[in-house]
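Single-structure report; data block below.
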Protein chains: 2
Amino acid sequence: MTDPLPPIQTTARDDAVLKALAGFVRQEALVPGEKLPTERILAERLKVSRNTVREALTRWEGLGLVERRQGSGTYLKAAVSPDMLHMPLTLAGGNDFAGLMRTLEIRRALEAEAAALCAVRAGKAEVAEIERKLDIMEEAFHSRAGMSSEEDWEFHQSVYRASGNPLFEQIISAMHELFHRFWEHPLGVRDFGHASFPYHRTIFDRIAAHDPEGARAEALKLIATVENDLKRGAANLKLLDRK
Amino acid sequence: MTDPLPPIQTTARDDAVLKALAGFVRQEALVPGEKLPTERILAERLKVSRNTVREALTRWEGLGLVERRQGSGTYLKAAVSPDMLHMPLTLAGGNDFAGLMRTLEIRRALEAEAAALCAVRAGKAEVAEIERKLDIMEEAFHSRAGMSSEEDWEFHQSVYRASGNPLFEQIISAMHELFHRFWEHPLGVRDFGHASFPYHRTIFDRIAAHDPEGARAEALKLIATVENDLKRGAANLKLLDRK
DNA sequence: ATGCAGAAATTGGTTGGACCATTGAACCAC
DNA sequence: GTGGTTCAATGGTCCAACCAATTTCTGCAT
């Protein structure tokens, strides 16, 4: 189905720069965190203007592949391979309550599937790692008498990782930053997330028992409690508005 | 849990440009397809260098919000609102069989949830629209004696739309082109997708009956058949390699 | 008038050079 | 050591010009 006559590329300077840079990263075996050559050096070595290099790097920065620090340098932020696919999503209106509910629906979908896959695939090491995160979370919960979003997030991430499919973690991580602020001070509901607490262990139990459908069901229950909390929070806000 | 000392932002020129431009788009009520001011005009009006304008536009271009055509102008490509959230995803390695299976797992997660939500929310009009797409698909199936990926895709899209959450369609559409090439010539399996055909109607039945869990279950079955077809295809390829 | 080829204006793409702002390391005084 | 100071390196911004693709205008032939 490939176009038999692909348009010739007479000018694609910045794209060529990115391809060359991707090759460089691969050849030098750079890992996230390392610094790549300065813009001036790249411009000189690639025989292009520094502005062109900057446009290319701006694209990668927008994709979250690199991070630029003025005065310091440009650093690799994520693994880069030549056959990667860019999927820029722009979600309109994630700031209000409705937008938050929409993102939560996506999370419910992925959370349930990740838990099910995890129950099938997680080996002993992965199960142990999840249990470790679960213990840490429960410890934090009891000592501070409330949900801790940080430890909670760590637990879920360990599940995503053990699912054997890195896409789950990528997508949910990208969304996580989006509603992070809401997660912190969630609409004035004091014991936010309290109701979801017990389901973390039930999910783990189903995963450890290698029961995919059970894990899926428990994950759905967990998200349902979070949804209820959110709705309660929204109701609170309405009351406040009306006062 | 918010960082008590967030880093201050002293300079954010291009970001400011984007914000100003977003405001401009909103004020002028520009819709996708319309042309926005030239870089030179923007630079003059915003009192910044044309380079800065270009960096900002490069970011938007990378996010798929605008399209630049040399000699013609810069055109709005998607709706833009000031409170939108960008979620650039870079998925490594979607070209091989394993990558395809990974994307399919994401699709299974979203498909099941979308079907369930659809069963809850779809009104009469949405159900009718889905049935229309289903009829078209079945018609194409019988006349051509095989699955038609185009009509099949249309059906699923109508389900995503009726879910009431645009994120489903956005995410899956972005991934769709990823495995589109595979979808066309699916690994040498002649009756690819054949097994999934009946589940389209069972999904629709569950949606029309407003049975979310039933719809979820049927959607899971459908994806399972596609997964099996894919595995068969992979086995075929292995045989071919060995010959 | 009409149609069309070529000139001219428009617009994004690229270049080179300059300067500013921030960073981090080396250095120094206490 | 601690806290400034200096200084080179680096990303951020600016400017002015030119290139390349596109669009628009112009004028001639019909």
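To find a chain, count down the sequence lines: A is the first, B the second, and so on, and within it residues start at 1.
Shown here is A:Glu44, whose CD atom has no more than 12 heavy atoms of other residues, nucleotides or ligands within 6.0 Å.
Applying the salt bridge (charged side-chain N to carboxylate O under 4.0 Å, His left out) rule to B:Glu67 yields the partners B:Arg69; only residues at least two apart in sequence or on another chain are considered. B:Val17 is linked by a side chain to side chain contact (heavy atoms under 4.5 Å, CB included) to B:Leu46, B:Val48, B:Thr52, B:Ala56, counting only residues two or more places apart in sequence or in another chain. Every residue two or more places apart in sequence or in another chain that forms a side chain to side chain contact (heavy atoms under 4.5 Å, CB included) with A:Val66 is listed here: A:Leu36, A:Trp60, A:Glu61, A:Thr74, A:Leu76.
Judged by closest nucleotide on DNA chain C, B:Arg69 is the one of B:Arg69 and A:Gly71 placed further toward the 5' end.
One can place NZ of A:Lys47 at 16 Å from C1' of C:dT14, the figure rounded to the nearest angstrom. C:dT22 atom C1' lies 5 Å from atom CD of A:Gln70, rounded to whole Å. Taking atom CD of B:Glu67 as the reference point, atom C1' of C:dT11 lies 14 Å away to the nearest angstrom.
A donor-acceptor contact shorter than 3.5 Å is absent between the side chain of A:His142 and the backbone of A:Glu139. Looking at A:Glu169, its side chain never comes within 3.5 Å of a backbone N or O of A:Pro166 through a donor-acceptor pair. Between the side chain of B:Glu34 and the backbone N or O of B:Val31 there is at least one donor-acceptor pair closer than 3.5 Å.
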Watson-Crick and G-U pairing of DNA chain D, under 3.5 Å, as dot-bracket with | and [ ]:
||||||||||||||||||||||||||||||

Take A:Glu39 and A:Arg68 through the salt bridge (charged side-chain N to carboxylate O under 4.0 Å, His left out) test and state the conclusion after the steps.
CA-CA 11 Å; A:Glu39 298 178 350; A:Arg68 302 208 276 205; 3.5 Å; yes

Would A:Arg108 and A:Glu227 count as a salt bridge (charged side-chain N to carboxylate O under 4.0 Å, His left out) if you check the C-alpha gap in whole Å, the side-chain angles of each, and the deciding distance to 0.1 Å?
CA-CA 10 Å; A:Arg108 175 168 56 190; A:Glu227 269 186 356; 3.5 Å; yes

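Remark: A:Ser72 is not in phosphate contact with D:dT10, judged by side-chain N or O atoms under 4.0 Å from OP1 or OP2. Residue A:Arg68 places at least one side-chain N or O under 4.0 Å from the OP1 or OP2 atom of D:dG12.
The shortest distance between side-chain heavy atoms of A:Glu129 and A:Arg161 does not fall below 4.5 Å.
For DNA chain D, the residues of residues 32-46 of chain B within the heavy-atom distance limit of 4.0 Å (strictly under) are B:Arg40, sorted by number. Contacts of residues 50-63 of chain B with DNA chain D (heavy atom under 4.0 Å): B:Arg50, B:Asn51, B:Thr52.
A salt bridge links B:Arg121 to A:Glu105: at least one charged side-chain nitrogen sits closer than 4.0 Å to a carboxylate oxygen.
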